[in-house]
Amino acid sequence: MEKADSSRRASKNQPNPLPVLAILAKDVGELAVHETKVFSPILKGWHPLAAGVAVATLHSCYANEIKQFISGIMELTPDAVQVLRAADKLEKDLVQIAVEDAVDSEDGGKAIIREMPPYEAETAIANLVKGWIKTRLDRLKEWVDRNLQQEVWNPQANQEGYAASAVEILRIIDEALDAFFQLPIPTHPALLPDLMAGLDKCLQYYVMKAKSGCGTRNTYIPTMPALTRCEIGSKFQGVWKKKEKSQNSQKRNSQVATMNGDNSFGIPQLCVRINTFHCIRSEMDVLEKRIITHLRNCESAHVEDFSNGLSKKFELTPSACVEGVQLLSEAVAYKIVFHDLSHVLWDGLYVGEPSSSRIDPLLQELERNLLIISETVHERVRTRIITDTMKASCDGFLLVLLAGGPSRAFSRQDSQIIEDDFKALKDLFWANGDGLPADLIDKFSSTVRGVLPLFRTDSESLIERFRRVTLETYGSSARSRLPLPPTSGQWNPTEPNTLLRVLCYRNDETASKFLKKTYNLPKKL
């Protein structure tokens with residue numbers, strides 16, 4: 001120890017002087033080799049395990065110093081790692097000498113090895129690295145909380161149209177990986193999964209937090225009004241319709257008032273969130289490739305570290321991004337159709353006289369919103385959002401026809417207007433071949449296509465079909481009195497509730513009398 005201390009003082013002025021315990025470990029190792037070469041062969045005459053006893057003694061002397069050192073380390077420093085690595089090397093060398101010396105003994109040297117309790121230097125290094133990882137991750141999580149509160153999701157923030165905070169978090173993660181692989185430790189591959197899992201959780205947390213509060217499809221769909229029948233040829237129809245219209249909008253606006261408290265949930269801002277998730281998802285592959293490169297350059301990597309791919313993959317974030325894109329894509333679509341355009345859809349389309357309240361105002365507003373989406377959203381996710389908007393538009397169109405409240409009534413003659421309007425809606429998304437592919441449009445308009453023929457079918461046939469389908473559904477118990485079929489929302493020309501709703505909005509005497517007689521439905525809410 002005196003020699004080590006004087007060596008340290010001598011090297012004090014040199015760059016990167018060795019810590020004293022690292023010098024001591026090296027000196028003890030040299031002393032052990034000298035001992036086994038010079039003295040042990042002679043001393044073996046008096047003791048069968050002379051070299052083993054010598055190294056066990058040296059091991060125990062160094063143990064006193066290293067244990068004290070380990071208990072005092074608070075954080076990962078180059079000096080600490082240097083000492084621990086030197087201690088680990090010394091211990092392996094001493095054990096090796098003891099094993100070789102005891103090769104001929106009865107127990108193969110087990111008794112001597114038992115006298116050399118491990119320094120646990122590798123465990124100490126691992127614990128320090130885990131502490132280092134935890135500190136980084138805690139800081140990163142705090143950063144996410146702080147920065148997402150300030151994030152404005154501005155489409156003009158950068159050319160790519162994703163959030164500035166996403167660029168920053170990916171940079172921080174990249175730096176953390178660089179710093180990890182620069183740590184002067186021998187066990188990068190073994191400790192990498194801890195770091196990966198932590199970074200993965202932080203990124204997943206970012207995605208979860210960024211999508212929270214954006215609403216879902218169901219946030220925006222209005223509540224269906226109770227079933228009513230048509231007021232046939234009433235002079236006061238106009239009065240009821242105006243009143244009903246204002247009630248309709250009040251009911252809806254209270255639902256979504258919370259969503260519009262601040263502008264970070266506007267359509268362009270939601271589109272930036274979608275871009276952000278797409279960007280993070282794409283960046284995962286880049287990060288994973290970079291980790292493989294780091295491992296290749298790392299001193300302790302083995303072939304199996306590359307074959308076991310899981311520890312180098314982000315498990316949670318990619319699926320969180322995919323789910324985030326799906327959820328927000330639907331939220332954007334249904335927000336546009338049912339919230340932002342409620343004045344031209346829910347409160348406007350076919351209110352009063354269908355021929356004078358047709359679909360054109362809705363189409364103009366939809367087109368304006370589709371333009372915003374096209375300009376804001378990354379091309380890889382654009383088709384998805386436009387497809388969801390088409391689905392939402394078809395849902396909205398059917399909701400107006402089948403659950404639009406007493407302010408709407410349709411005669412059989414109106415069926416042509418409805419079919420022409422629906423064709424115009426599909427044409428908007430087809431955009432002369434520049435929009436959605438025809439097969440997608442067909443797929444998502446199939447429900448409407450199935451229901452529209454009911455609007456040109458005469459009331460007697462509809463009533464007959466309704467009776468038949470209800471009897472098939474409910475069996476003989478429905479013969480004496482037709483039960484009121486519940487609303488499933490799965491509109492279908494052979495589903496009792498869909499047929500019933502077409503009758504509810506049928507502007508003729510036959511339908512109205514049937515509904516009065518069978519269910520005693522009121523004419524107004």
- Query: Mind checking whether Y119 and Y62 have ring centres under 6.0 Å apart?
  - Reply: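 Judged by ring-centre distance (under 6.0 Å), Y119 and Y62 do meet the cut-off.
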Flag yes if more than 12 heavy atoms outside [X] fall under 6.0 Å of its [atom1] atom; otherwise flag no.
{"X": "R449", "atom1": "CZ", "answer": "yes"}
{"X": "K67", "atom1": "NZ", "answer": "yes"}
{"X": "E30", "atom1": "CD", "answer": "yes"}
{"X": "Q150", "atom1": "CD", "answer": "yes"}

Quick one: closest heavy-atom pair of [X] and [Y], and the distance?
{"X": "C214", "Y": "L328", "answer": "CB-CD2, 3.4 Å"}
{"X": "P48", "Y": "K44", "answer": "O-NZ, 2.8 Å"}
{"X": "P117", "Y": "E91", "answer": "O-OE2, 3.9 Å"}
{"X": "E365", "Y": "L341", "answer": "CB-CD2, 3.4 Å"}
{"X": "E288", "Y": "F314", "answer": "OE2-N, 2.9 Å"}
{"X": "S105", "Y": "L49", "answer": "CB-CD2, 4.2 Å"}

Would you say that [X] contacts [Y] through its side chain, given a criterion of any heavy-atom pair below 4.5 Å between the two side chains?
{"X": "K211", "Y": "F277", "answer": "yes"}
{"X": "M284", "Y": "R281", "answer": "yes"}
{"X": "L425", "Y": "I359", "answer": "yes"}
{"X": "W132", "Y": "L191", "answer": "no"}
{"X": "R380", "Y": "S282", "answer": "no"}

Under 3.5 Å, is there a donor-acceptor pair between the side chain of [X] and the main chain of [Y]?
{"X": "D101", "Y": "G52", "answer": "yes"}
{"X": "S60", "Y": "A56", "answer": "no"}
{"X": "S488", "Y": "Q490", "answer": "yes"}
{"X": "D88", "Y": "A121", "answer": "no"}

About how many Å separate [atom2] of [Y] and [atom1] of [X], when rounded to the nearest 0.5 Å?
{"X": "T389", "Y": "I373", "atom1": "OG1", "atom2": "CD1", "result": "4.0 Å"}
{"X": "S329", "Y": "I274", "atom1": "OG", "atom2": "CD1", "result": "5.5 Å"}
{"X": "N275", "Y": "L270", "atom1": "CG", "atom2": "CG", "result": "11.0 Å"}
{"X": "T276", "Y": "E151", "atom1": "OG1", "atom2": "CD", "result": "7.0 Å"}
{"X": "C321", "Y": "Q204", "atom1": "SG", "atom2": "CD", "result": "9.5 Å"}

Answer yes or no: is there an ion pair linking [X] with [Y], defined by an N-O contact shorter than 4.0 Å?
{"X": "D427", "Y": "K423", "value": "yes"}
{"X": "E122", "Y": "K92", "value": "yes"}
{"X": "D388", "Y": "K391", "value": "yes"}
{"X": "D178", "Y": "R290", "value": "no"}
{"X": "K134", "Y": "D138", "value": "yes"}
{"X": "D395", "Y": "R217", "value": "yes"}

What I want to check is whether the side chains of [X] and [Y] have a donor and an acceptor closer together than 3.5 Å.
{"X": "E100", "Y": "Q96", "answer": "yes"}
{"X": "T216", "Y": "E330", "answer": "no"}
{"X": "S165", "Y": "N147", "answer": "no"}

- Derivation and outcome, side chain to side chain contact (heavy atoms under 4.5 Å, CB included), residues E175 and F180: CA-CA 8 Å; E175 279 180 4; F180 172 75; over 6 Å; no
- Which is it for D93 and K89 under the salt bridge (charged side-chain N to carboxylate O under 4.0 Å, His left out) test, yes or no, and what are the steps along the way? CA-CA 6 Å; D93 292 348; K89 182 184 181 309; 2.8 Å; yes
- Tell me, please, whether Y205 has K141 positioned over its six-membered ring: NZ or CZ under 6.0 Å from the ring centre and within 45 degrees of its axis?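 Yes; both conditions hold, so K141 lies above the ring face of Y205.
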- Please list, chain by chain and in numerical order, all residues satisfying ring-ring contact (aromatic ring centres under 6.0 Å, His included) with F181, sequence neighbours excluded.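 ring-ring contact (aromatic ring centres under 6.0 Å, His included) check on F181 returns H188, H294.
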- Item | Non-neighbouring partners of E323 that pass salt bridge (charged side-chain N to carboxylate O under 4.0 Å, His left out), sequence neighbours left out |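 Salt bridge (charged side-chain N to carboxylate O under 4.0 Å, His left out) list for E323, sorted by chain: empty.
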- Does the pair R139 and E142 meet the rule for a salt bridge (charged side-chain N to carboxylate O under 4.0 Å, His left out), with working shown? CA-CA 5 Å; R139 259 189 262 153; E142 279 168 28; over 6 Å; no
